[in-house]
Amino acid sequence: MPYLHSNVDHYYWHGYFTGPIDWNGMRVVAHRTGGCSVMSGPYQNCQATVLCNEKTKLTAENCYDGVDNDGNGLVDKADPACWRCGDGVVDPGEECDDGNILDGDGCSAGCKWIRAPPSPPPLSSPPPPPTNVGPNYCFNQSYAGCATCTSLCAPDDNWWTDGRKCKLPQALSGSMPDSALCKNDIGAVAYKQVDYYRLTADGTRQSAGLVTVFRTLAGILHVTIQTRCPYLLLSNSATYIDTNHFVLLSYSVNGVLGTRSYPLARNTTGLVRHSCYSYSIDLNEIFPNVGCQVVGGWRLAV
């Protein structure tokens, strides 16, 4: 835009706009002579300056005519007065200049490269399944045939090692943190262990393993059966629930007797072998918010 006032030495406007269309609603206030054939609308073609915009500045150097207009010995873009972000030339202090002062196109409104967001951290492998420490399925080492059993009859819980199926406190070499379990009056993990029996052919009882009962701070009662070699829990069912193996809980609430049965759940059908299996019972269904409170009037049968 020519400015012919004899008392004004800065009459060149720089920092002109080339888009977007209508500059988001702003209108052309001044433009270079012959540089604005279409001032507005979808076919806008205009090298214009919006006088109220902070990106616009007035200089005595033309910057485009090859003449040292301001007499400082520097011509056009060699003159710092002509260093403008958005003119398509990468000037000192700029990392890029794509001819506009718009963000979102890789070169920012301040003529700096727009950094790509940091890459997300690599996906980490899922944590390993809980594993009981040092289980020894054949804790009755004198039993004949023990070695043969452990090599041929692979159970679902991998000989007590799977801490998801064989839940035991850390105090008993299990994977469940003792800090999440109820304690007794001396501060140790509270648990009870009794023999697990089988009936022989003549009707007598024979020890076949061990039953461990303990409770979490959330009121979940775990009943874990660990069998001795060569005995296994053989669960055979056409469904995922085996009602032939269950824990029976009898209780009394406000003088009212009740019972609940908790069957053995599996993740497959057909025959499944277990050397160890845990029944998990939510006592909150019977005694709301029970936590680790002492409650009477209930018994378990496996």
Side-chain angles (χ1 to χ4, degrees), residues 126-127 129-132 135 155-158 160-198 208-227 232-270 272-302:
T131 303
N132 297 327
D156 182 65
D157 55 278
N158 194 27
W160 303 358
T161 60
D162 190 334
R164 294 167 299 185
K165 296 181 174 66
C166 185
K167 295 180 173 66
L168 289 170
Q170 286 179 331
L172 299 176
S173 299
S175 64
M176 298 198 70
D178 292 346
S179 59
L181 305 180
C182 295
K183 307 298 190 297
N184 57 24
D185 55 1
I186 62 172
V189 173
Y191 64 89
K192 183 177 180 61
Q193 290 184 318
V194 296
D195 278 336
Y196 175 64
Y197 292 99
R198 63 181 289 268
L210 191 67
V211 179
T212 303
V213 181
F214 59 98
R215 196 197 314 177
T216 71
L217 301 178
I220 306 301
L221 185 72
H222 294 298
V223 182
T224 297
I225 301 173
Q226 295 170 271
T227 61
L232 295 172
L233 287 174
L234 302 181
S235 173
N236 196 0
S237 175
T239 67
Y240 294 101
I241 300 296
D242 183 359
T243 56
N244 292 317
H245 293 79
F246 59 90
V247 167
L248 182 66
L249 175 65
S250 60
Y251 57 90
S252 173
V253 177
N254 297 325
V256 179
L257 298 178
T259 60
R260 293 201 181 191
S261 176
Y262 300 89
L264 188 150
R266 306 109 53 76
N267 57 7
T268 186
T269 59
V272 180
R273 299 179 178 90
H274 302 280
S275 64
C276 180
Y277 183 84
S278 295
Y279 296 87
S280 298
I281 301 169
D282 188 354
L283 292 180
N284 294 284
E285 297 174 354
I286 304 170
F287 309 103
N289 302 314
V290 63
C292 292
Q293 298 178 54
V294 176
V295 291
W298 59 278
R299 300 186 66 181
L300 282 172
V302 179

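In this chain, numbering begins with 1 at the start of the sequence shown.
Residues passing the side chain to side chain contact (heavy atoms under 4.5 Å, CB included) test with Ala180: none are found, sequence neighbours excluded. The side chain to side chain contact (heavy atoms under 4.5 Å, CB included) test applied to Arg198 returns Thr200, Gln206, Ala208, Tyr231, not counting sequence neighbours. Taking Gln293 as the reference, nothing meets the side-chain hydrogen bond (donor to acceptor under 3.5 Å, both in side chains) condition, with sequence neighbours excluded. Looking at residues two or more places apart in sequence or on another chain, you find no ring-ring contact (aromatic ring centres under 6.0 Å, His included) involving His245. Every residue meeting the side-chain hydrogen bond (donor to acceptor under 3.5 Å, both in side chains) condition with Ser235, not counting sequence neighbours, appears here in chain and number order: Asp242, Arg266. Annotation: side-chain hydrogen bond (donor to acceptor under 3.5 Å, both in side chains) contacts of Ser261 (sequence neighbours excluded): none. With sequence neighbours excluded, the residues forming a side chain to side chain contact (heavy atoms under 4.5 Å, CB included) with Leu234 are Leu232, Leu271, Arg273, listed by chain and number.
Residues Thr224 and Cys166 have side chains in contact (heavy-atom distance under 4.5 Å, counting atoms from C-beta outward).
What you find for Ile241 and Ala265 is that their closest heavy atoms are CD1-CB, 3.8 Å. Closest of all the heavy-atom pairs between Thr227 and Tyr196 is CG2-CE2, 4.2 Å. Here the closest non-hydrogen pair linking Ser175 and Gly163 is OG-CA, 3.6 Å. Nearest approach of Leu249 to Tyr251, heavy atoms of both residues: O-CD2, 3.9 Å. Contact between Thr212 and Phe214 at its shortest, heavy atoms only, is CG2-CD2, 4.1 Å. Listed here is the closest heavy atom pair of Asp162 and Asn132: O-ND2, 4.2 Å.
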For this session: Start with the C-alpha gap between Leu181 and Leu217, add the side-chain angles, then the distance that decides, and say whether side chain to side chain contact (heavy atoms under 4.5 Å, CB included) holds.
Result: CA-CA 5 Å; Leu181 305 180; Leu217 301 178; over 6 Å; no
For residues 280-290, please give each side-chain donor-acceptor pair under 3.5 Å, one per line with the distance, not counting sequence neighbours.
| unit_1 | atom_1 | unit_2 | atom_2 | d |
| --- | --- | --- | --- | --- |
| Ser280 | OG | His222 | ND1 | 2.8 |
| Asp282 | OD1 | Asn284 | N | 3.0 |
| Asp282 | OD1 | Asn284 | ND2 | 2.8 |
| Asn284 | OD1 | Asn289 | N | 3.1 |
| Asn284 | OD1 | Val290 | N | 3.3 |
| Asn284 | ND2 | Ala218 | O | 2.8 |
| Glu285 | OE1 | Arg260 | NH1 | 3.0 |

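Remark: the backbone N or O of Pro130 is not paired with any side-chain donor or acceptor of Arg164 at under 3.5 angstrom. A distance-only check finds no donor-acceptor pair linking the side chain of Thr239 to the backbone of Ser237 [under 3.5 Å]. Within the 3.5 Å criterion, the main-chain N or O of His274 finds no donor-acceptor partner in the side chain of Asp156. A donor-acceptor pair is defined here as one N or O able to donate and one able to accept, closer than 3.5 Å; no such pair exists between the side chain of Tyr277 and the backbone of Asp157.
Within the structure, no pair that satisfies the salt bridge (charged side-chain N to carboxylate O under 4.0 Å, His left out) test touches residues 244-255, not counting sequence neighbours. Contacts classified as side chain to side chain donor-acceptor pair (under 3.5 Å) and involving residues 177-189 (residues at least two apart or in different chains) are not found.
Test Leu168, Val189, Thr216 against Met176 for side-chain contact (heavy atoms from CB on, under 4.5 Å) and you get one pass: Thr216.
Cys276 contributes atom SG, which lies 11.5 Å from atom CG of Asn158 (distance to the nearest 0.5 angstrom). The line from CG of Asn267 to OH of Tyr240 is 8.0 Å long, rounded to the nearest 0.5 Å.
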